[in-house]
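Residue numbers start at 1 and run along the sequence shown.
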Amino acid sequence: MRSFMRMRHLPVLIAGLSLSLTAFAATSDKWNIPVNVKKLDNGLTVIVSPDHTSPTVGVSVVYHVGMRLEPKNRTGFAHLFEHLMFQGTPNAPKGVFDKTITGGGGRNNGSTRPDFTNYIETAPVSSIDSILWLEADRMKTLDFNEKTLKNQQDVVKEEIRVNVKNQPYGGFMWIDINQQAFQKWENNHDGYGSFQDLEGASLDDVRNFHRDYYGPNNAVLAISGDVTPAQGFALAKKYFAGIPKRPTPPTSDFSEPLNTAEKRIEQSDALAQVPAIAAGWKMPARGSRDLAPMAVLGELLAGGDASVLYQGLVKGREVALNVDSLYGLTSPWEFDGPTLFTVFALYKPTSSADVMLKSIDEEIAKVVASGADAATLARVKTRMLANWYNTLESFMDRADTLAKLQTLWGDANVVNQIPGWIDGVTSEDLQRVAKTYLTAANRTVIDRKPVAKTAAAPAAAAPAPASTAVKN
C-alpha cells in the first residue's frame with residue numbers, strides 16, 4: 001500500500017518532524033550539491049547530480065499536480081491516482097514495477113501533496129535502466145480498467161479509516177484546520193477525500209487526469225548518485241524523449257491574503273484520551289523575503305525539546321504534554337500556494353485551550369520584543385543545516401529534493417541557496433515575521449476534546465466523525 005503521508009501513520013509523521021540534532025561542520029565548510037539541468041524537446045526537465053561515493057542511484061519523478069489541482073467533487077482524487085500509478089501498464093502488468101525494483105535490491109514509494117505528486121526509487125546503479133524504463137512506461141499510459149479502479153478506491157478508503165477515522169485526533173491538525181483556515185476550495189478541501197467523491201471517480205476521470213497532468217512537460221526527472229551528467233542525460237533521452245508533450249489545463253488563482261479575524265473551533269473526539277490543540281497561521285508566500293525567517297522562527301518555537309514552546313509549555317508552565325509543528329504537509333521550502341505553520345500539542349486535562357493559547361502568545365510576544373540571543377539563534381540554525389545536509393546525503397532524498405525544488409521554484413539550484421538563506425536570518429528578522437504572521441487575527445485554532453467515557457463506549461468500534469462547533 002502506498003502511503004499518503006509517505007509514512008504509515010500520522011503520529012510517525014509528527015514524530016519525524018521533531019528533527020534530531022547531529023554533528024555539523026562550521027557553515028564556512030559549505031557543501032555545494034552538483035546540479036546539472038537539461039530540458040528535453042518534449043518539455044521534460046532532467047536533473048543529474050553525480051556522486052560516486054556509492055555504486056547506487058536515486059531517482060525521483062515529480063509531477064506538478066497535487067490536491068490543490070484535483071477536480072472539484074473529486075476530493076482525494078490526486079491521492080487515488082497516485083495509487084493507480086503502481087497498478088500496471090499494458091507493457092508492465094501489475095506487480096512488475098515493484099518486483100523489478102525490489103528484486104534488484106532497491107525500494108520505491110510515492111506520495112501526494114498539495115502542489116506535487118512524487119515517485120521515488122533507489123537501487124544499485126546497475127538497475128538504472130530498468131527504473132527509467134518503468135517510469136517512462138507509466139508516464140505514457142496506464143492499464144485503465146474497472147477492477148483496478150475499484151480495488152484502489154477500496155484501498156484508499158481503508159487508508160482513511162486507519163489513518164483518520166480510527167485514529168485519536170485523526171487529521172485535525174492538517175485536514176480540519178485547513179478546512180477552517182482557508183477560504184478557497186483548492187486550499188481548504190480534504191485532500192484525503194470523502195468516500196462519496198472517491199467512489200464517484202470513473203475510468204474517464206482517471207484517463208483524463210493522466211492525459212492532463214502526467215505528460216513529460218508537467219514533470220521533472222532527477223537522478224542522483226553514481227552516474228555522470230552525460231550518462232544521466234543520455235538515459236533520460238533514451239527512455240523519455242519519445243513521449244509526446246500534452247496540454248496541461250491552466251491553473252486557477254488560489255492565492256489568499258492573511259486572515260484578519262481569529263477563528264476558534266471546538267471538536268469532540270471519541271478516541272482521544274487527553275485534549276489537544278492545533279493553532280495554525282498562514283505562512284509567507286514561497287519566494288517571499290519572510291520565508292527563510294519564518295522557517296527559522298518555526299524551528300525556534302517548536303523544533304524539538306530545546307524549543308521555546310516546549311521549554312515554555314511542557315517544562316516551564318507544565319500545561320502541555322508535548323509540542324510539535326507542521327508546515328502544511330511538506331517542508332517550509334516545498335509548497336506553491338497558501339500554507340499554514342501549525343503548532344500541535346496535547347495538553348493536560350487540568351489545563352484549557354485558553355491557557356494554552358495564552359502561553360503560546362506569551363512566548364511569541366517575547367520573540368517579538370527581543371528576538372533570539374546569538375547563541376540560541378546559532379543553535380537553531382545549526383540544527384536546521386544539519387538536517388538539511390543529512391537529508392541530501394541520501395541519493396533518493398537528494399534526487400527528490402532537487403526534483404521538487406525545480407518543480408516549485410523553477411530552479412533546482414535553490415538547493416544550494418537555502419543554507420545561505422538560513423544562515424542569513426537575523427534576530428530582527430525573527431521579530432518582524434513573528435509580529436507580522438503569528439498574530440491572533442491570522443490564527444485558526446481547533447480545540448479537540450475527548451468525549452465522556454460513557455459517550456465514547458458505543459462509538460469505539462466505528463467512531464462517528466468528530467462534532468464541531470465554530471466560534472468567530
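Ring geometry, F97 versus F86: the interplanar angle exceeds 60°, so the pair is classed perpendicular (tilted spans 30 to 60°). Aromatic ring orientation, H210 versus Y214: parallel (interplanar angle below 30°, classes split at 30° and 60°).
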Could you walk me through whether D51 and R398 pass salt bridge (Lys or Arg N to Asp or Glu O under 4.0 Å), step by step? CA-CA 11 Å; D51 188 325; R398 188 190 309 181; 2.8 Å; yes

Pair T248-Y213, side-chain contact (heavy atoms from CB on, under 4.5 Å): steps then yes or no: CA-CA 6 Å; T248 302; Y213 294 108; 4.1 Å; yes

Assess whether side-chain contact (heavy atoms from CB on, under 4.5 Å) is satisfied between N178 and L340, documenting all intermediate values. CA-CA 8 Å; N178 281 358; L340 296 181; 3.4 Å; yes

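Taking 4.5 Å as the limit, some side-chain heavy atom of F395 sits within range of a side-chain heavy atom of S54.
Taking each heavy atom of V46 and F233 in turn, the nearest pair found is O-CE2, 3.6 Å. Across all non-hydrogen atoms, the minimal contact from I101 to R107 is CG2-N, 3.7 Å. Minimum heavy-atom separation, A123 to S127: CB-CB, 3.9 Å. Taking every heavy atom of both residues into account, P71 and F209 meet most closely at CD-CE1, 4.2 Å. Between A136 and I243, the shortest heavy-atom contact is O-CD1, 3.6 Å. In this structure, S288 and Y437 approach most closely via the heavy-atom pair OG-OH, 4.4 Å.
Side-chain contact, N118 with S111: a donor N or O sits under 3.5 Å from an acceptor N or O. Side chain to side chain, T426 and D429 meet the donor-acceptor criterion of an N or O pair below 3.5 Å. Under 3.5 Å, the side chains of H64 and N218 contain no donor-acceptor pair of N or O atoms. With no hydrogens or angles considered, no side-chain donor-acceptor pair links D137 and Y239 at under 3.5 Å.
For the pair R74 and F81, the cation does not sit on the ring face, since its NZ or CZ is not both under 6.0 Å from the ring centre and inside 45° of the axis. Annotation: cation-pi geometry satisfied between K165 and F195 (NZ/CZ under 6.0 angstrom from ring centroid, within 45° of ring axis).
The environment of N32 atom CG is dense: over 12 non-hydrogen atoms of other residues, nucleotides or ligands sit within 6.0 angstrom.
Checking Y169, Y192, F341, Y327 one by one against W174, the ring pair (Phe, Tyr, Trp, His ring centres under 6.0 Å) holds for a single residue, Y192. A side chain to side chain donor-acceptor pair (under 3.5 Å) with E334 is found for exactly one of K404, R113, R286, namely K404.
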